[in-house]
Amino acid sequence: MLSRVADSLYWMARNIERTELNTRILDVHLTQMVETSSEDLLDGKHWKILFESCSTKEELEELKNNPEAHDEEYLRFLAFDSDNENSIFSCIRVARENARISRDHLPNELFEIWNDLYLFTHQAEQEQFSIHKLRAFLRNVKVTALTAQGIIESGMSRSVAYRMIKIGKWLERAEKTARILNVVCEQTRETQLSYKGDDYYAWLSALRMLNGYEAYLKVNRPKMDPKTILTFLIADESFPRSIHYNMNHVRAAVDILENAKIAHYSSELYYALESLKNDFDEISIQELNSDDMLAFLNQFQNKCNAVGQIFSKTYYLIEPVAKQEQTQIVGIPQQLNFEKASSMKYKIEHTNIFEYDSWVDQSMNSIRLKPRTDECQRLLSYRTDISPVALTKEHVDIWGNNVESFFIADHHKHLEVKATSVVSIQKSPWIHRIDYSPEMHAIFHSDLFRSHYLAYLSNTAYTYLTPEQIEVVDSDIGQMANPVQYAIDVMGYLYNRFTYDGSSTNVSTKALESFDLKKGVCQDIAHVMLGILRTKHIPARYVSGYLYVGENSALVGDAASHAWIEVMVPGIGWVGLDPTNNVESLENHIRVGVGRDYGDVSPVQGVYRGGSHKLDVKVSVSLIEQ
């Protein structure tokens, strides 16, 4: 293959990968702007992390020196500025040009979708700026970048062209991972020095920037421990974005190109790869102290960058003149010991049977029976069976719940809705291990945080409690100082105060009624807990789902749908608490819907023309495997 063709394929691959990575980093940053505290926004720490990951310190300083530059200018510079060689637009443009030059070696579909993205980016750059439009743009870019990778995998023979593309992608990933880890380590130094604890939010962001959050939770406790995260992102041989994984694949691809023989021109490349491999074999990240970790990560990024430069020199590829600065790193706290997460797979059958006193026609219904998918829960299969037969139309409501609507025009006296789901859950107990840091405190008390979660701070008719009732709670458990610990205390308080009694309340019972009764079902206890937490300005939401109760279990609430609550912990996310059982929502809790109260997540809602009806609900939750 001609060197100019290899050069085009190599830099096309690197810029496609860089496009996706920079897009993902910017998208995570937009989320962080919403969730972080106003104090952090003012000190500019978030811009420093972003620019050192996607650009340079000098370009950030230039923008800071411009008195007219605001958040919009910073974001436009990283997304659309053609003078910024690492902007998303520049990466897309370079990848497109290289794909055009080497088009004979590529599937046609690859150039077509990337050219469409290039034209779309031109159009997006000319539109009036808004965060909503920027998010839509970033979403489109990520989908196109991932589609491009899929076309390469499924449409190219494993030739020299394919190897050049893959090596470019793996080197870009390894270098970017090393760079992000350097940046995050440096920026967490101030937090680590000011208090003894980890910067949860920074390490959570690092995982999300590298698309490793879900994969990390599948093999580790959801604790943002720096050494565990560094081990995962550096040394994990099975995660496709770890440095070890990518450098192993670079070495294997070079072996194929060279027939596993070292020539005079490739000896330097083999030496660099072997040196990096020895680092993985000899080092144990868990055993390093702070100073050793600092030296290791600095040396590590240098070696990753060197491999890319030596590869370009070995195969006569053109190395860009502009290089991003290396970022120095700071010490890392020691790792804590955590047990491994457990994983469960369940089959859920939920049947609602309506028997009407008279013939019914023109029945319009909405159901919320489809379990959610997130980082700890995955929906594997789902089916809805309706009798009389009806077609369903699905949409996602304002709370992110899956809603199916259907209309039955035929006369009927019997309606049966059966939903069958298979769900896999992996979750670990950890709320008791959360250190409520000064940064969390600042976020919790910021106006931005409160305005973002305003819907979950206002009490509804279901959750309202009188001031006198709140005084009773305060006299028993005291005032709130730490919202995380306070939520745990309220959960225990209600567990000890309430008697689980299915006959004492009904679906329309309000929190102020059940509070005085001191009895009720999971719905009532959840509503009371929401009323208490929201009075203390703690964002909390109602969760509807299912509870698996195995043999000899003390858990209650599996007769039908179960209800519990989730609390927003700054920098961590939504954490589930089940006051009915005084436990965290773990691998036994299967989430279906969330909202302000029961009214937002009612499993079945509808209107019909006819007489009264009787409802029979049957729920079966069975363990498939553990």
Side-chain angles (χ1 to χ4, degrees), residues 217-218 341-354 366-387 392 394 400-404 416-429 491 495 500-503 507 520-526 541-566 574-595 598 600-605 615-626:
L217 291 180
K218 286 178 171 56
S342 58
S343 179
M344 300 285 207
K345 186 185 291 185
Y346 301 103
K347 179 179 180 181
I348 306 104
E349 294 181 339
H350 185 145
T351 306
N352 291 277
I353 302 174
F354 295 85
S366 295
I367 58 175
R368 291 174 173 82
L369 300 173
K370 186 175 183 179
R372 300 164 71 93
T373 290
D374 55 31
E375 59 271 12
C376 296
Q377 174 176 302
R378 190 158 301 278
L379 180 62
L380 303 178
S381 67
Y382 175 77
R383 186 181 76 251
T384 306
D385 298 307
I386 302 172
S387 177
T392 63
E394 186 172 342
N401 304 315
N402 298 297
V403 184
E404 295 174 278
E416 180 172 329
V417 180
K418 180 179 180 181
T420 305
S421 313
V422 176
V423 176
S424 174
I425 295 180
Q426 180 168 333
K427 211 164 186 182
S428 321
M491 177 176 67
Y495 175 76
Y500 188 86
D501 183 356
S503 61
V507 72
V521 294
C522 53
Q523 171 185 313
D524 303 306
I525 304 173
R541 65 185 185 183
Y542 185 96
V543 185
S544 174
Y546 307 105
L547 178 67
Y548 172 72
V549 177
E551 296 181 6
N552 303 319
S553 174
L555 299 177
V556 296
D558 66 326
S561 295
H562 190 55
W564 59 99
I565 69 104
E566 286 182 339
W574 292 105
V575 177
L577 297 173
D578 183 355
T580 303
N581 295 290
N582 195 29
V583 296
E584 297 176 55
S585 63
L586 303 175
E587 62 272 7
N588 288 47
H589 292 73
I590 304 158
R591 300 161 70 244
V592 174
V594 300
Y598 172 79
D600 290 334
V601 298
S602 176
V604 181
Q605 295 175 323
L615 171 62
D616 183 22
V617 180
K618 300 176 181 178
V619 174
S620 169
V621 182
S622 55
L623 180 65
I624 299 177
E625 62 181 57
Q626 181 174 0

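- No side-chain donor-acceptor contact under 3.5 Å links Asp600 to the backbone of Val594.
- With hydrogens and angles disregarded, a donor-acceptor distance shorter than 3.5 Å links the side chain of Asn588 to the backbone of Tyr548.
- A distance of 13.0 Å separates OH in Tyr346 from CG in Leu380, rounded to the nearest 0.5 Å.
- With rounding to the nearest 0.5 Å, the separation of OG in Ser620 from NE2 in His350 is 11.5 Å.
- Side chains of Tyr542 and Ser544: no donor on one and acceptor on the other come within 3.5 Å.
- Side-chain contact check for Val621 versus Leu547: every heavy-atom pair is 4.5 Å or farther apart.
- Note: Asn581 CG to Tyr495 OH = 7.0 Å, rounded to the nearest 0.5 Å.
- The distance from the CD1 atom of Ile348 to the OG1 atom of Thr420 is 9.5 Å, given to the nearest 0.5 Å.
- Scored by the salt bridge (charged side-chain N to carboxylate O under 4.0 Å, His left out) test, Glu566 finds Arg541, Arg591 as partners (sequence neighbours excluded).
- The two atoms that bring Cys522 and Ala563 nearest to each other are SG-N, 3.4 Å, heavy atoms only.
- Among residues two or more places apart in sequence or in another chain, the salt bridge (charged side-chain N to carboxylate O under 4.0 Å, His left out) test is passed with Glu394 by Lys370.
- Remark: Gln605 engages Arg368 in a side-chain hydrogen bond (donor to acceptor under 3.5 Å, both in side chains) (not counting sequence neighbours).
- A 4.5 Å side-chain heavy-atom check between His589 and Val583 finds at least one atom pair inside the cut-off.
- When atom types are taken as modelled, the side chain of Thr373 and the backbone of Leu379 share a donor-acceptor pair closer than 3.5 angstrom.
- Between the OG atom of Ser622 and the NZ atom of Lys347 there is a distance of 6.5 Å, given to the nearest 0.5 Å.
- Under the 3.5 Å distance criterion, the side-chain polar atoms of Gln377 are matched with a main-chain donor or acceptor of Arg372.
- Among all heavy-atom pairs drawn from Asn401 and Gly593, the shortest one is OD1-CA, 3.1 Å.
- Checking Ile386, Ile367, Val417 one by one against Glu404, the side-chain contact (heavy atoms from CB on, under 4.5 Å) holds for a single residue, Ile367.
- Between Val543 and Trp574 there is no side-chain heavy-atom pair separated by less than 4.5 Å.
- Scanning all heavy atoms of the two residues, the minimum distance from Val507 to Gln523 falls at O-NE2, 2.9 Å.
- Taking 4.5 Å as the limit, every side-chain heavy atom of Val592 sits out of range of all side-chain heavy atoms of Val601.
- A search for side-chain hydrogen bond (donor to acceptor under 3.5 Å, both in side chains) contacts involving Asn402 returns nothing, not counting sequence neighbours.
- Looking at every heavy atom in both residues, Leu577 comes nearest to Trp564 through O-CB, 3.3 Å.
- Considering only residues two or more places apart in sequence or on other chains, Lys418 meets the salt bridge (charged side-chain N to carboxylate O under 4.0 Å, His left out) condition with none of them.
- Take Ser381 and apply the side-chain hydrogen bond (donor to acceptor under 3.5 Å, both in side chains) test, not counting sequence neighbours, and it matches no residue.
- Between Ser561 atom OG and Leu369 atom CG the span is 7.5 Å, to the nearest 0.5 Å.
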